[in-house]
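Just so we're clear, the structure is a prediction, and the values are computed from it rather than from any experiment. Numbered from 1 within each chain, the chains take letters A, B, ... in sequence-line order.
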2 protein chains.
Amino acid sequence: MLFARTFRAMTDRFHERLAGRDLEPLRPAHGYVFRYLAAQPSATAVDLAAHLGVSKQAATKTVAELVEWGYVHRTPHPTDRRAHALTLTGKGHAYLRFADALWSELEEEFAAVVGAEQLTIVREALETYLADSKSEGIRPVW
Amino acid sequence: MLFARTFRAMTDRFHERLAGRDLEPLRPAHGYVFRYLAAQPSATAVDLAAHLGVSKQAATKTVAELVEWGYVHRTPHPTDRRAHALTLTGKGHAYLRFADALWSELEEEFAAVVGAEQLTIVREALETYLADSKSEGIRPVW
DNA sequence: GCTACTAGACAACTTGGTTGACTAGTTTGG
DNA sequence: CCAAACTAGTCAACCAAGTTGTCTAGTAGC
């Protein structure tokens, strides 16, 4: 499948460049966690699980890793004493900025190879298709 | 990532429809095995492993499953007595035809949503990009 | 305020891979 | 022509990333 291979090719490039600079073995799944936590102020592990389309246990495990590495901080939840509010640390935000820069670099390379107008059409087409699809979860479950 | 989500959305649809009709729990990875075996007459497990970008043990395991289900047949290799030549059975070919029909159905739906000319542009753009990328393996390794 | 629900922790298990060691057959260079 | 190096496939131990199931403590709806 063309989309699978393209996804693979892009993430391969991404991690190739990431490997040079960063320390912890951040995996693609982590990227979605960062983005979600940046967007949702006091998200909990259960919220995250729903967003990622995995069990709450799996989400908790991933969060624990990111906390250990210093990307994420767990604070008492403002209104629910069972829960923890998850937020990005400074390191977490820094990583996100770096990743964004890297993705736009890759996108520029894509544009350089296939043409800028084509990239625009590709993006619009995929967004249209996805809007029509309402697929669960984010990760390409294999 | 747009490509990951599109891939996910399409394979979700694919398996939704597959689930209705078929018996064995064929996973997306199997599709690539079928396609490879159909194209490469007396492929071995090691050939397949290289094609898929996994270890030979993993490839062997997958093949064993498909043999058990009657999709693949192992015959003595014509020139190398250590190896087995892998070929699709009638059932294997039948599945492949069915899967092809299903994919073109999905492609038509894609075209119906985003437009036929857009689909053509998307396909060409991704092929151009991939030709420029020489990424290892096929599966979106997560 | 009792009842039903929910966030998160802990544990056992499953899946789809991995690496390592080995056997039997193949290829190559002197 | 044969010994050394290599390769296909098997077996076994292990690992990573998920799963389900059960439990406790806290929350929310009448």
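- Evaluation of the salt bridge (charged side-chain N to carboxylate O under 4.0 Å, His left out) test over residues 114-131 of chain A, restricted to residues two or more places apart or in two chains, returns A:E107-A:R123.
- Judged purely by atom type and a 3.5 angstrom limit, A:T44 has no side-chain atom pairing as donor or acceptor with the backbone of A:A85.
- As judged by a 4.0 angstrom heavy-atom cut-off over every strand, B:H84 is placed among residues touching the sugar-phosphate backbone only.
- A straight line from NE2 of A:H51 to C1' of C:dA7 spans 19 Å, rounded to a whole angstrom.
- Using cut-offs of 30° and 60° for the angle between ring planes, the B:F3 and A:F3 rings count as parallel.
- Under the 30°/60° scheme for interplanar angles, the aromatic rings of B:F14 and B:W103 are found to lie parallel.
- The number of heavy atoms from other shown groups lying within 6.0 Å of NE2 (B:H15) is above 12.
- Between A:A83 and A:K61, the one whose closest nucleotide on DNA chain C sits nearer the 5' end is A:A83.
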Kindly list each side-chain donor-acceptor pair under 3.5 angstrom involving residues 58-66 of chain B, sequence neighbours excluded, with atom names and distances?
residue : atom : partner : partner atom : Å
B:T60   : OG1  : B:K56   : O            : 2.7
B:T62   : OG1  : B:A58   : O            : 3.1
B:E65   : OE1  : B:R27   : NH2          : 2.6
B:E65   : OE1  : B:H30   : NE2          : 3.2
B:E65   : OE2  : B:R27   : NH2          : 3.1

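- Contact between the side-chain N/O atoms of A:S55 and the OP1/OP2 oxygens of D:dT19 is found at a separation under 4.0 Å.
- Comparing the local axis fitted to the first five base pairs of the helix from C:dG1-D:dC30 to C:dG30-D:dC1 with the one fitted to its last five gives a bend of 30°, rounded to 10°.
- Residue A:I121 is found in a hydrophobic cluster whose other members, listed by chain and number, are B:I121; membership requires side-chain heavy atoms under 4.5 Å apart, directly or through intermediates.
- Here A:R27 reaches the OP1 or OP2 of D:dA17: one of its side-chain N or O atoms lies under 4.0 Å away.
- Projected onto DNA chain D by closest heavy-atom contact, B:D47 and A:E65 fall at different nucleotides, the more 5' of which corresponds to B:D47.
- Whole-Å rounding puts the B:L48 CG to D:dG9 P distance at 10 Å.
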For nucleotides 22-26 of chain D, print each protein N/O atom paired with a nucleotide N/O atom at under 3.5 Å, atom names and distance only.
residue : atom : partner : partner atom : Å
D:dG26  : N2   : A:R82   : NH1          : 2.9

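- Of the candidate nucleotides D:dG18, C:dG8, D:dA8, D:dG18 has the atom lying nearest to any side-chain atom of A:V54.
- Between B:D100 and B:R35 there is a salt bridge, since at least one side-chain N of the basic residue sits less than 4.0 Å from a carboxylate O of the acidic one.
- Evaluation of the salt bridge (charged side-chain N to carboxylate O under 4.0 Å, His left out) test over residues 68-79 of chain A, restricted to residues two or more places apart or in two chains, returns none.
- Taking side-chain N and O atoms only, A:T44 has a distance below 4.0 Å to OP1 or OP2 of C:dG8.
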